[in-house]
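This report concerns only the one structure given below.
Atoms within each ligand, like the ligands themselves, are counted from 1 in listed order.
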Amino acid sequence: MEIIHISAECYPVAKAGGLGDVVGALPKYQNKLGHVAKVVMPMYRTKFLYNNAWELVHEGSQYIGTKWFHYSVIKEKTNKLGFDLYLVDINGLLDREKIYGYDDDSERFTAFQIAVCDWLSKWQHLPDIIHVHDHHAGLIPFMIKFCYAFRHLSQIPTVLTIHNGQYQGWMDWNKAHYIPAYDSWKWGMLDWKKNINPLASAVRCAWKVNTVSQSYMDELRYAANGLEDLFEYEKGKCSGILNGIDNEVWDPETDEYLAKHFSVETLEKGKRKNKKEICKQFDLDVEKPLFTFIGRLVGEKAADILPEAISSSVYQHQGNCNFLILGSGDPVVEGQLESVKQQLNGYVSTYIGYSESLSHLMYAGADFLLMPSRVEPCGLNQMYALRYGTAPIVRSTGGLKDTVIDIGDPQGFGIRFNEASVWDVTYSVGRAIDLYYNRKEQFQQIREFMMKIDHSWESSAEEYIKLYQSLK
Ligand code: ADP
């Protein structure tokens with residue numbers, strides 16, 4: 001089968017979160033299963049672009065509204081990611097350093113999608129599946145169904161994967177002219193509550209829709225940032241497929257960012273060495289349990305409760321714990337974390353920013369990983385933590401619920417709680433501290449058990465293939 005993935009992110013080319021990880025891994029594993037999966041994404045000006053060799057495969061031009069634009073498509077020459085990677089360039093729109101966060105994002109991603117459809121419509125053959133990811137590619141199922149210029153693509157089955165339903169790409173109807181001429185009777189397929197809503201449009205127009213865990217799919221029918229009724233109505237074509245992790249990138253035996261490699265057999269020594277390295281860098285005490293948080297400092301991740309939850313934990317548990325936070329986002333939370341760090345120097349440290357290398361070292365050296373998320377479609381962090389023998393402490397939501405079992409259960413290996421509240425986090429940290437100091441043997445067994453859990457992409461990649469096959 002030939003599958004075209006269309007996405008705004010793909011690791012290691014450009015990544016802001018889990019979407020990048022998934023699009024960087026899933027196609028590779030689909031290819032390993034004997035299919036031909038390709039990735040198409042915008043050509044941002046990232047390091048990966050400058051450090052690799054490219055060939056030009058197509059040039060074309062199109063209109064966005066009344067504005068004419070020229071686009072080109074380049075392909076990475078060596079297949080180094082394990083799949084064909086195509087970048088679409090549009091000067092003035094996509095040639096930026098960052099992925100998102102510009103005032104003209106609607107125009108940028110609409111133009112990207114128009115260019116992709118235009119390019120695909122010039123192919124001599126039709127691919128078997130068009131697989132779009134999140135709202136940045138969400139207008140494509142509509143475009144190929146109803147835009148006159150792309151109509152002959154309309155027989156190609158489309159699949160939408162929702163990595164995060166909070167962000168929907170809303171556009172005012174005064175931007176409707178961005179979308180190439182379409183059957184105007186179908187305007188309702190773009191609309192949700194008087195806005196153009198690319199995610200809602202994709203849910204309606206794609207042949208199949210999935211989220212990245214079953215629990216998140218169920219939750220969307222009750223909490224979907226305004227799209228609850230739509231998910232209820234479309235539930236027949238919706239399903240959940242849990243993400244995998246790329247075991248080749250995330251391997252404590254080979255990970256280039258670690259101070260010491262380790263396996264299940266050498267986990268105690270290996271983790272200790274990595275923890276020492278972190279504690280040295282951040283002035284923390286290696287003898288105390290190390291709690292970490294890695295992620296965007298936003299409400300979805302409940303980052304706003306972290307400053308108080310951390311100080312409450314340090315006070316309530318008599319300083320028998322250390323915290324290290326890696327992330328960036330809400331400036332208020334960033335500031336609060338910095339002041340907690342000042343107040344509780346020696347117990348709390350932070351790295352405000354993005355650091356791929358530090359994140360790997362933290363998964364390896366930490367004892368516990370905190371994820372109090374209010375919303376977590378799948379969550380990759382807890383799966384990386386498991387692979388590196390770090391116990392996740394998670395709120396029971398979305399993919400966290402599907403991947404972590406509480407230590408109260410005989411099969412359990414993590415800690416779960418119900419509310420994104422200071423009290424629940426503080427209490428859970430207490431349970432973890434008890435495990436660390438008073439039940440050392442059990443903790444060691446849990447770590448070994450976690451490292452053996454298989455969350456690799458092989459089985460998820462196969463589930464996607466089954467989903468595609470159901471459309472043939
Ligand atoms: P989301 O996509 O909602 O941000 P996921 O759990 O699906 O959350 O994926 C988060 C990914 O981003 C993980 O690979 C995590 O390690 C990485 N990440 C998030 N913030 C940072 C950061 N500040 N520095 C390094 N890696 C980060």
Heavy atoms only, cut-off 4.0 Å: how does E300 contact ligand 1, side chain, backbone, both, or neither?
neither
Which atoms of ligand 1 sit under 4.0 Å from any heavy atom of Y384?
13 (C), 14 (O)
Only heavy atoms of G327, strictly under 4.0 Å: list the atoms of ligand 1 that pass.
23 (N)
Side chain R387, main chain P252, donor-acceptor under 3.5 Å
no
With distance as the sole test, does N225 use its side chain to make a donor-acceptor pair with the main-chain N or O of Q166 at under 3.5 Å?
yes
Judged by modelled atom types alone, do Y216 and D402 share a side-chain donor-acceptor pair under 3.5 Å?
no
Is G20 close enough to touch ligand 1? Criterion: a residue heavy atom under 4.0 Å from a ligand atom.
no
Considering both backbone and side-chain atoms of N381, is one of its nitrogen or oxygen atoms within less than 3.5 Å of a nitrogen or oxygen in ligand 1?
yes
Ranked by distance from atom 27 (C) of ligand 1, the top protein heavy atom is Y354 CE1, 3.4 Å
Atoms of ligand 1 under 4.0 Å from any heavy atom of S355, numbered from 1 in the order shown, are 24 (N), 25 (C)
Under 4.0 Å from a heavy atom of G379: which atoms of ligand 1 are those, numbered in the order shown and with their elements?
6 (O)
I'd like to check which ligand 1 atoms, numbered from 1 as shown, lie under 4.0 Å from a non-hydrogen atom of Y363.
15 (C), 16 (O)
Strictly by modelled atom types, are Y388 and D255 linked by a side-chain donor-acceptor pair under 3.5 Å?
yes
Donor-acceptor pair, W192 side chain versus G226 backbone, under 3.5 Å?
yes
Using a 3.5 Å distance criterion without hydrogens, assess whether the side chain of K271 forms a donor-acceptor pair with backbone atoms of A364.
yes
For G295, atoms of ligand 1 separated by under 4.0 Å from a heavy atom:
19 (C), 20 (N)
Strictly by modelled atom types, are S328 and E334 linked by a side-chain donor-acceptor pair under 3.5 Å?
no
Considering the heavy atoms of R296, write down every atom of ligand 1 situated less than 4.0 Å from one of them.
1 (P), 3 (O), 4 (O)
Within a distance under 4.0 Å of any heavy atom of D21, pick out the atoms of ligand 1 and give their elements.
11 (C), 13 (C), 14 (O)
Ignoring hydrogens and geometry beyond distance, is a side-chain donor-acceptor pair present between Y354 and E356 at under 3.5 Å?
yes
Among all the protein's non-hydrogen atoms, which is closest to atom 23 (N) of ligand 1, and how far away is it?
G353 O, 2.9 Å
Tell me whether R108 contacts the main-chain N or O of I99 through its side chain, where contact means a donor paired with an acceptor under 3.5 Å.
yes
Candidate with minimal heavy-atom separation from atom 6 (O) of ligand 1, of L380, I245, V22, V212
L380
Structural part of H163 in contact with ligand 1, heavy atom criterion under 4.0 angstrom:
neither
Give a yes/no on ligand 1: does N164 have at least one heavy atom closer than 4.0 angstrom to it?
no
Between S201 (side chain only) and N197 (backbone N and O only), is there a donor and an acceptor less than 3.5 Å apart?
no
Quick one: does N31's side chain have a donor or acceptor within less than 3.5 Å of a partner on G82's backbone?
yes
Out of G18, G329, P377, G399, who is nearest to atom 2 (O) of ligand 1 when you count heavy atoms only?
G18
What is the closest protein heavy atom to atom 8 (O) of ligand 1, and at what distance does it sit?
K301 NZ, 3.1 Å
